[in-house]
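Just so we're clear, the structure is a prediction, and the values are computed from it rather than from any experiment. Lettering follows sequence order; numbering is per chain, from 1.
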Amino acid sequence: MCCFSSLSIKVEEDTGYHHPIKHEKALKRERDEDEYEHKPKKVKVDNEKKVKKRKQEEDDDNNKNAGLFCNVCLCLPLFLRWEEEKCTDGSKWRFLEHKGPVFPPPYEPLPDRVRFHYDGKAMKLSPGAEEVATFYAKMLDHEYTTKDIFRKNFFKDWRKEMTSEEKSKITELKKCDFTEMHEYFKAQSEARKQMSKEEKQKIKEENERILQEYGYCVMDNHRERIGNFRIEPPGLFRGRGDHPKMGKLKRRIRPEDIIINCSKDSVHPKAPPGTRWKEVRHDNKVTWLVSWTEKIQGSIKYIMLNPSSRIKGEKDWQKYETARRLKKIVERIRAQYREDWRSKEMRIRQRAVALYFIDKLALRAGNEKDEGETADTVGCCSLRVEHIRLHPQMDGQDYVVELDFPGKDSIRYYNKVSVEKRVFKNLQLFLENKQAKDDLFDRLNTSILNKHLQELMDGLTAKVFRTYNASITLQQQLKELTSSDDNIPEKILSYNRANRAVAVLCNHQRAPPKTFEKSMHNLQTKIDEKKKQLSAAKKELKAAKADAKTLRDEKSKRVVETKKKAVQRISEQLMKLEVQATDREENKQIALGTSKLNYLDPRISVAWCKKLGVPIEKIYNKTQREKFAWAIDMTDEDFEF
DNA sequence: CTAGTCAAGTCGGGGGGCACACA
DNA sequence: CTGTGTGCCCCCCGACTTGACTA
C-alpha cells in the first residue's frame, strides 16, 4: 500500500498521534493552497490555446507518414488506415480465427521404484499428492526450497491435495525426503540430453507440427504468429524478491477455466474431447485469443499475438510516435516543472519533483501495490522516506540525493545524483517530520501524476518519459561515439556502448552469467593465441622482406605481399577479439535486451545501420528483425527520432 | 546464445458509493 | 421528508507492456 490509500488512513490515524501530514507547517500550507486555488483562471485559458496550437503541429507531423505503405502485410496502405479504424469504434479486428490453446500433457505417475520417504520410511503417494510433490522435488537444489515462506506455502497447499490418510501422516515438511524423486528427474533430463539424433529430430518435427497447427491464427486476412499458445503447466509459484506467496501451488488449468475469444463467423476452436470451454466470446475490442484466471494473485492471463504481428507492431509504432511528440514539448514541460518547484501548493511541488526524477532518472511511475500480497517494491510515486538520503555535500558535489530502493522485480536501484538546489530543498521539506516507512510524496500518486501529464500532452504518461529518454540517449550516443571511418567491429562496439548507456539509465541489470569467468577466460586464451600467431606472421614477413631485398625477384615480392596480407588479416582478427572482450566485460552486469526490445525506437538503429553501412543483422537477430519489420522497412538513413 | 516463460509492472475505464441539489 | 438526478472520487480489474530468468 502506498500514497493514496495510506493518505486517507493517515488522516484518520491523526487523531491518535502526531503525524507528519498534519503538522503545523502542513496546516499552514493547506491554508495557503486554499487561497491559491482561487486565483489562476487566466492561466488555464492560455493553456488551452497552447494545447490547440500544439495539436495542430502534431497533426501536421502525422501527415508526413501518409505516403508510407505497409510491407509487413504487403497489401495495406499502412498505419493511417489502422488509425482511422481505431478512432471510429475502438475495434481491434474484424475477423479472428484460431485453434485454441495447447494444454500440457497430463501427469504421469512415477514408477514404483521411485519412492518418497517420510520420517525415514518409504511411502507411496496418491497421484494427486505425488504430482505436487514432484514439483517440489524438481526444485530441490534451488535456493527457493531453503526459504521459510516458500516451504510453508508449499506445504500448506500440498496438504490440500493429500488424501485424509496422507494428511494425517505427513505433518512436517522437514521429515519429507524427496531425494529419490529428485535423482529420478535428474536422470531423466540427462537421458533427454543423451537421446539419439533421430529421436531429437522426431521431437523437433512434432513441435513444428504443433506450431503450425496451434501457433498461428488468422486475423483480418493475415496469418499471424501467436505469442504464447501453450497453457502454463502446473507447478509452484516462484515470485521474485521476498514474495509472500512463493511456493504456493499453481494449479493445472482445465478447459473449463478457459475463455476463448474469436469472431462469430470463424470456425471456433474445439475443446479437448469430453470437456468444454468456460466461455466462447466475440469481443473485437480486445486483442487476446484465450484467457484464464490465475488463482494465486487472481490476475488474468492471456494468449496474444507475437510481436511481429500487425496489431503489436502498430502499437509499438504508436508508442514511439508518442515519445517523439514528447520530444517536441519536453523543454516546455521541464520549464513548467521547474517553475512548479516553487508552487505554494504542496501537491504541486511534489508532483514537480517526482516528474523531475522520472525525467532525469527514468524512474518508473510507481503504482500502489497490495501490501502482503506482493513483494515490497517501489517506483517514483511510491518512494518512501527510507529509500532516500540527502547529502548537502558529497564527493565534491553539492546537493546529492542518494536513492536506494527495490524496483520492479526487486532489482535494486542505487544511484547518487547531484540535483538542483530547489529540488534538494523541496525534498528536505517533504521529509520533515516523517518516519522511515512514510511516503516521500504523500500527496501524489500515479493517477494524479498521469492526469496532469495528460493535460500537458495527449497520450502522455510517466512511462513515455522512459521511452523518450531511452531513445534520445541512444541517438545522441550513436552520434557521439561512431565515426564512419571505424571498421564494422568498432562500429558495433560503439552501438553496444550506446545501447549500454541506455540500459544503465533504465537500470536494466542482470546477474553475472554463471559461466562468465570461464567464457572470459576462453576468450583471453584465444586472444593470446592470436597474439602469438601475429608475432609469428610478422617474423615471417620480416624474413620475406629480407629475402626480397637480396633476391629482388618477382616470386619473393609476391611472397612479401601474401605475408603482408596474412599479418593484416591476423591483426584484424585480433582486434575483433579484443573488441569482443571489452564488450563482454562491460556487459557483465548489464542486460541490453530489454531496452533494445522495449525502449529504443528501432528506426534509430535502422537509420544508423544504413548510414554507416552496418548490416542490420549485426544489430538485430532474426526475432528482433521480425518484430521491427515495420521499422526496417519504412526507415531511411536520415531518420531523426 | 536464443527463444520461450511467466511474473510484475503501467494505465485506463467501469462501476459502486457518496455528497449534494433539487423536485 | 423522501425520492431522484448528477457529478465526483476511488477502487478494482482488465488489458497490455516490460523484465529477468531458464531450458
Name the atoms and distances for all side-chain donor-acceptor pairs under 3.5 Å in residues 202-209 of chain A, with sequence neighbours left out.
{"from": "A/Glu205", "atom 1": "OE2", "to": "A/Gln201", "atom 2": "NE2", "distance (Å)": "3.3"}
{"from": "A/Glu206", "atom 1": "OE1", "to": "A/Arg209", "atom 2": "NE", "distance (Å)": "3.2"}
{"from": "A/Glu206", "atom 1": "OE2", "to": "A/Arg209", "atom 2": "NH2", "distance (Å)": "3.1"}
{"from": "A/Glu208", "atom 1": "OE2", "to": "A/Gln212", "atom 2": "NE2", "distance (Å)": "2.9"}
{"from": "A/Arg209", "atom 1": "NH1", "to": "A/Glu213", "atom 2": "OE1", "distance (Å)": "3.4"}

- Message: So A/Pro233, base contact, sugar-phosphate only, or nothing? Heavy-atom distance under 4.0 Å.
- Response: sugar-phosphate
- Would you please indicate if the ring centroids of A/Phe237 and A/His243 are separated by under 6.0 Å? yes
- Task: Give the nucleotide from the list C/dT17, C/dA15, B/dC11 with an atom nearest to the side chain of A/Lys312.
- Result: C/dT17
- Query: When we call it a touch if two heavy atoms are under 4.0 Å apart, what does A/Ala375 touch: a base, just sugar-phosphate, or nothing?
  - Reply: nothing
- Message: Any base atoms under 4.0 Å from A/Phe237, or only sugar-phosphate, or nothing? Heavy atoms, all strands.
- Response: sugar-phosphate
- Let me know the distance between NZ of A/Lys451 and P of C/dC8, rounded to the nearest Å. 11 Å
- Message: Under 4.0 Å, counting only non-hydrogen atoms across every strand here, what does A/Thr377 touch: a base, just sugar-phosphate, or nothing?
- Response: sugar-phosphate
- Message: With a 4.0 Å limit, can you tell me whether A/Gln297 has a side-chain N or O closer than that to the phosphate oxygens OP1/OP2 of B/dA8?
- Response: yes
- Task: Check A/Ser308 against A/Arg225 and note the closest heavy-atom contact, atom names and distance.
- Result: OG-CB, 4.3 Å
- Is any side-chain heavy atom of A/Asp257 less than 4.5 Å from a side-chain heavy atom of A/Thr293? no
- Query: To the nearest angstrom, how far is A/Glu368 atom CD from C/dC10 atom C1'?
  - Reply: 10 Å
- Test side-chain contact (heavy atoms from CB on, under 4.5 Å) applied to A/Asn598 and A/Asp316, step by step: CA-CA 9 Å; A/Asn598 297 306; A/Asp316 211 33; over 6 Å; no
- Task: Please state how far atom NZ in A/Lys301 lies from atom C1' in B/dG9, giving the value in whole angstrom units.
- Result: 13 Å
- For residues A/Tyr599 and A/Arg466, is any side-chain donor paired with an opposing acceptor at under 3.5 Å? yes
- Message: What's A/Thr287 touching, base or sugar-phosphate or nothing? Going by heavy atoms closer than 4.0 Å.
- Response: sugar-phosphate
- Query: So, A/Asn284 and A/Arg94: side-chain donor and acceptor under 3.5 Å apart, yes or no?
  - Reply: no
- Task: Take the protein atom OH of A/Tyr320 and the nucleotide atom P of C/dT17, then report the distance between them rounded to whole Å.
- Result: 11 Å
- Query: Base, sugar-phosphate, or nothing: which does A/Gln454 touch, judged by heavy atoms less than 4.0 Å apart?
  - Reply: sugar-phosphate
- Message: Over all strands shown, is A/Arg412 touching base, sugar-phosphate only, or nothing at heavy-atom distances under 4.0 angstrom?
- Response: nothing
- B/S/- along nucleotides 18-23 of chain C (protein heavy atoms under 4.0 Å) is BBSSS-
- Query: Can you tell me how far P of B/dA7 sits from CG of A/Asn228, to the nearest Å?
  - Reply: 12 Å
- Message: Checking contacts here: which listed nucleotide (B/dC11, B/dT2, C/dC16) is nearest the side-chain heavy atoms of A/Asn367?
- Response: B/dC11
- Message: Output the rounded distance in Å from CE (A/Met304) to P (B/dG4).
- Response: 18 Å
- Query: Above 12 or not: heavy atoms from other molecules or residues under 6.0 Å from NE2 of A/His521?
  - Reply: no
- Query: Relative to the 5' end of DNA chain B, which residue comes earlier, A/Gln624 or A/Leu460, by the nucleotide with the nearest heavy atom?
  - Reply: A/Gln624
- Here the distance between atom C1' of B/dT5 and atom CG of A/Asn306, to the nearest Å, is 14 Å
- Query: Does B/dC11 have OP1 or OP2 sitting under 4.0 Å from an N or O in the side chain of A/Thr461?
  - Reply: yes
- If each of A/Thr623 and A/Ala365 is mapped to the nucleotide of DNA chain B with the nearest heavy atom, which maps nearer the 5' terminus, i.e. the 5' end? A/Thr623
- Query: Within this structure, what is the CG-to-P distance between A/Asp370 and C/dC11, rounded to whole angstrom?
  - Reply: 12 Å
